[in-house]
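Accompanying notes for the structure given below.
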Amino acid sequence: MELKLYDTYTRSIRTFEPINPPIEGCSATVGMYTCGPTVYDYAHIGNLRTYIFEDILRRVLSINGYEVKHVMNITDVGHLVSDADTGEDKMEKCARRTGKSAWELAEYYTQAFKNDLQLLNILEPVIWCKATDHIEDQIEVIKCIEEKGFTYRTSDGIYFDTSKLPDYGYLARLDVEGLQAGTRIDMGEKRHITDFALWKFSPPDQKRQMEWNSPWGIGFPGWHIECSAMSAKYLGRFFDIHCGGEDHIPIHHPNEIAQTEACYGTRLANFWMHGYFLQAGDEKMSKSAGHFLRLRDLIEKGYDPLAYRFFCFSALYRAKLTFSWEGMESSQKALDRLRLIVYELGDPGEVDEWYKNQFIEYVNDDLNIPRAIALTWEMIKSDLISSAKKATILYFDKVLGLRLNEWKPKEEIIPEEVQKLIELRQKARTEKRWNDADMLRNQISTLGYEIEDTPQGSRVKKKKE
RNA sequence: GGCGACGUGGCCAAGUGGGAAGGCAAGGGUCUGCAAAACCCUGAUCACGGGUUCAAAUCCCGUCGUCGCCUCCA
C-alpha cells in the first residue's frame with residue numbers, strides 16, 4: 001500500500017519511496033534522522049509531542065515493511081542562547097548556574113530525557129550520537145565547506161556565508177531580503193543576517209569547560225554543524241527522512257541544508273517532516289519563558305505517561321494541539337476504558353483483514369492517527385468476534401504503542417479497616433438493611449475507597465484524588 | 001511593521017467539492033435495593049458577509065477573531 005507523507009521541502013504530500021532499493025531477500029532500509037534534545041534542561045511535554053510524532057512515523061515505516069535506521073543526536077555543546085551567535089553556550093551557562101560541570105549536566109539531562117522516552121513507549125533510536133563525541137567529524141565538514149569557499153573568519157569564529165547559496169532558506173521559503181530589511185538582532189561581525197557560526201573561538205580571557213583544538217584555533221563547533229556531520233556519517237550524504245519540530249523550519253534546518261549543500265552538493269534529506277507545537281492554553285510552551293510542564297508533572301497529578309501519548313493522538317502531527325487538564329483527563333479516561341475492553345477480550349485469534357487494511361490506509365495517509373483512533377473505536381464496537389478484535393487491536397498497537405497487551409487491572413491492596421467495613425456492608429445488604437449499607441459505603445468513601453457492586457460481589461477501588 | 005497558519009457541537013479535534021469521524025463532558029434510557037460501572041440513545045445550518053458551482057465546512061474575495069514565526073525553542 002502507498003505511504004504518503006507531507007514534505008516541508010516541497011510543501012506537498014508525496015508518495016514515500018526509499019532511496020536505496022532493498023537488497024534481494026531483505027527489506028529496504030530507510031534512514032531517518034531526528035533532531036534530538038539540547039541537554040541543558042528537562043524536556044517538556046511540548047518537546048515530547050514531537051518525539052511521539054517521530055515514533056509514530058518510525059512505527060508506520062516498520063509496518064510498511066521497512067527496516068528503519070533511526071539516528072538521534074544529543075546536543076551537548078555549542079547551542080548558543082541566541083541565533084545572532086553572540087550569546088553564551090547554553091551548556092556552559094547552565095553549568096555556571098548550577099555549579100556542576102557541563103559534562104555532568106549533559107549526562108544527567110540525557111538520562112532524564114531517555115527516561116521520558118521510555119515512559120512514553122518511544123522506541124529507542126538505533127544510533128544515539130553526541131555532538132561532543134564527533135568533534136573531529138564536524139571539523140572535517142567545516143574544512144570541506146571552507147575549501148569550497150563558503151566561509152569567512154571574524155574575530156569570534158568561522159562563519160558560513162549564506163549569500164553564496166542562491167537558494168539559501170528554500171525550505172522555509174525565507175525572504176532573505178525582507179529579513180535583512182527588518183533586522184532586529186545584533187549582527188556582530190556577520191556579513192548577512194542569515195550567516196551562522198560553524199566554529200566559535202573560546203573567549204580569549206576565559207577557559208571553557210568544553211573546548212577543542214581546530215585548524216582555526218581553540219573553540220567549539222556551532223550548533224548546526226553537528227547534524228550535517230553526524231547524519232552524513234551514519235546515514236550518508238543524502239538519506240530518506242529528516243525530522244524535527246516546526247521551529248526548526250526557519251533556521252536550524254536551512255542551515256543544515258546549506259552546510260550539506262556546500263560540502264556534498266545534496267539537500268541532505270529526501271523528505272523533511274516537522275512536528276507542530278503543543279499549545280499551552282493561549283500560548284506555546286516555552287522553556288525560556290519559564291512556563292512548561294514536564295512529564296513528571298503529569299505523573300504527579302496521577303496521569304499515566306501513556307495517557308499523554310494517547311492525548312497526542314487526538315490531533316494530526318501537522319496541526320497545533322491545545323493542552324489542557326480537561327483534555328488530559330479525557331485522554332486518561334478513554335485510555336482506561338480501552339485498556340479494560342482490550343483486556344476483557346481474552347486471547348487473540350486472527351487479525352481482521354478489512355480493519356487492518358483500513359488502518360494502514362489511514363496511517364499511510366500522512367499519519368492520520370486521529371482517524372486511526374476513530375477506526376479503533378468502531379472496530380471495538382463492531383460485531384467481530386472477541387478473538388478477532390483482540391488480534392486486530394494488538395496489530396493496531398504496533399503503531400499506537402499503548403502497550404495494550406501488557407495492561408492488567410491493578411490488584412488493589414485494601415486496608416484491613418476498609419475490608420472489615422466491606423464485610424459489614426455485605427452482611428447488611430444480604431439482610432436488606434439498606435440504610436446501614438449506605439452508611440457503611442459513606443464511611444468507606446471517607447477512607448478513600450469506592451465500591452462497585454457486581455453480580456460477583458462488591459468490588460473496591462481506590463479513589464483518584 | 002513583515003511573513004505564515006488557523007477559526008467545525010460544552011471541551012479536544014477528524015473531514016478539504018456531493019452522506020459533518022472519534023474521544024471526553026452533558027441529557028435521556030437499560031441494569032441496580034439505591035448507586036457505581038457497563039451498555040444503548042440524543043444533539044453542529046462547520047466565525048461572519050459576498051462570489052464560483054447543479055452541488056461548498058471544503059474553492060475565490062472581503063471582514064472579524066485567535067495563534068505562531070521574524071530573539072533561544074520540539
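Below, each value reflects all heavy atoms present in this structure, side chains not excepted, and no hydrogens, waters or symmetry copies. So that the names make sense, note that chain A is the first sequence line, chain B the second, and so on, each numbered from 1.
Among B:C24, B:A35, B:C69, the nucleotide with an atom closest to any side-chain atom of A:D453 is B:A35. Ranking B:A38, B:A21, B:C67 by closeness to the A:Q279 side chain, first place goes to B:C67. The side chain of A:Y51 has B:A74 as its nearest neighbour among B:A74, B:C67, B:A38.
Within the 4.0 angstrom heavy-atom criterion, no nucleotide atom of any strand lies near A:H274. Backbone-only engagement by A:G244 is indicated by non-hydrogen atom pairs under 4.0 Å involving sugar-phosphate atoms exclusively. Heavy atoms of A:R173 sit nowhere under 4.0 angstrom from any nucleic acid atom. A:W377 comes within 4.0 angstrom of sugar-phosphate atoms only, judged by non-hydrogen atoms across all strands, and of no base.
Nucleotide B:U71 holds its C1' atom 12 Å from the CH2 atom of A:W223, rounded to whole Å. Separating the CG atom of A:D116 from the P atom of B:A74 is a distance of 13 Å, rounded to the nearest angstrom. Distance, A:E452 CD to B:G33 P: 16 Å, rounded to whole Å. Going from atom CD1 of A:I251 over to atom P of B:C3 covers 18 Å, rounded to whole Å. Distance CG (A:L400) to C1' (B:G23): 14 Å, rounded to an integer number of Å. Distance A:K190 NZ to B:U71 C1': 11 Å, rounded to the nearest Å. Regarding A:H252, its NE2 atom lies at a distance of 17 Å from the C1' atom of B:U71, rounded to whole Å. Protein atom NZ of A:K381 is 8 Å distant from nucleotide atom C1' of B:G22, rounded to whole Å.
Pairs passing the side chain to side chain donor-acceptor pair (under 3.5 Å) check and including a residue from residues 384-405 of chain A, sequence neighbours excluded, read A:N121-A:R403. For residues 366-383 of chain A, the pairs satisfying salt bridge (Lys or Arg N to Asp or Glu O under 4.0 Å) are A:R318-A:D366, with sequence neighbours left out.
In plain terms, the two heavy atoms of A:R429 and A:A437 that are nearest each other are CG-CB, 3.8 Å. Closest approach of A:I249 and A:Y276 over heavy atoms only: CD1-OH, 3.9 Å. Contact record, A:P415 with A:Y449: CD-OH, 3.2 Å, taken as the closest heavy-atom pair. Listed here is the closest heavy atom pair of A:N255 and A:T194: OD1-O, 4.3 Å. Annotation for A:S324 and A:F311: closest pair N-CZ, 4.4 Å, computed over non-hydrogen atoms. Minimum heavy-atom separation, A:L421 to A:Q443: CD2-OE1, 3.5 Å.
Two residues, A:F310 and A:P37, neighbour RNA chain B, and the one matched to the more 5' nucleotide by heavy-atom proximity is A:F310. Remark on RNA chain B: of its neighbouring residues A:I373 and A:N435, the 5'-side contact belongs to A:I373, judged by nearest-heavy-atom nucleotide.
Relative to the ring axis of A:Y6, A:R14 does not place its NZ or CZ within 45° and under 6.0 Å from the centre. A cation-pi arrangement, defined by a distance under 6.0 Å to the six-membered ring centre and an angle within 45 degrees of its axis, is absent between A:K200 and A:W223. Annotation: cation-pi pair A:R267/A:Y9 present, NZ/CZ under 6.0 Å from the ring centroid and within 45° of its normal.
Taking atom P in both B:G50 and B:A55, the straight-line distance is 16 Å, to the nearest Å. Here, B:G43 and B:U16 have their C1' atoms 25 Å apart, quoted to the whole Å. When the P atom is compared between B:G10 and B:C73, the two are found 39 Å apart, to the nearest whole Å. Here the separation of B:G27 from B:A13, taken at their C1' atoms, is 22 Å to the nearest Å. B:A21 and B:U45 are spaced 14 Å apart, taking the P atom of each and rounding to whole Å. Between B:C12 and B:G17, the distance separating the two P atoms is 26 Å to the nearest Å. Using atom P as the reference point in both B:C60 and B:G18, the two lie 16 Å apart (nearest Å). Separation of the C1' atoms belonging to B:C6 and B:G15 is 16 Å when rounded to the nearest angstrom.
At most 12 heavy atoms of other shown residues, nucleotides or ligands fall within 6.0 angstrom of atom CZ in A:R296.
A:F113 and A:Y51 have their aromatic ring centers within a separation under 6.0 angstrom. Taking the six-membered ring for Trp and the full ring otherwise, A:Y109 and A:Y42 have centroids separated by under 6.0 Å. Between A:H224 and A:H253, a ring centre-to-centre spacing not shorter than 6.0 Å is recorded. With ring centers used as reference points, A:Y234 lies under 6.0 Å from A:H134.
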> Taking only Watson-Crick and G-U wobble pairs with both distances under 3.5 Å, what dot-bracket line describes RNA chain B, where [ ] shows pairs that cross earlier ones and | shows pairs with another strand?
Replying inline: (((((((..(((.....[...))).(((((.......)))))....(((((..]....))))))))))))....
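At a cut-off of 3.5 angstrom, counting only N and O atoms as typed in the model, there is no donor on one side facing an acceptor on the other between the side-chain of A:D247 and the base of B:C69. Side-chain to base pairing of A:R459 with B:A37: no donor and acceptor N or O lie closer than 3.5 Å to each other.
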Write down the protein N/O and nucleotide N/O pairs, taken from nucleotides 12-14 of chain B, whose separation is under 3.5 Å; answer none if there are no such pairs.
unit_1	atom_1	unit_2	atom_2	d
B:A13	OP1	A:T322	N	2.4
B:A13	OP1	A:T322	OG1	3.1
B:A13	O2'	A:S314	O	2.6
B:A14	OP1	A:L316	N	2.9
B:A14	O3'	A:N368	ND2	3.4

Could you list all N or O pairs between the protein and nucleotides 25-29 of chain B that sit under 3.5 Å apart?
unit_1	atom_1	unit_2	atom_2	d
B:A25	OP1	A:K333	NZ	3.4

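Using a 4.0 Å cut-off on heavy atoms, the residues of residues 422-432 of chain A that approach RNA chain B are A:R425, A:R429, listed by number.
Listed pair A:R11 / B:G4 fails the phosphate criterion, with no side-chain N or O lying under 4.0 Å from OP1 or OP2.
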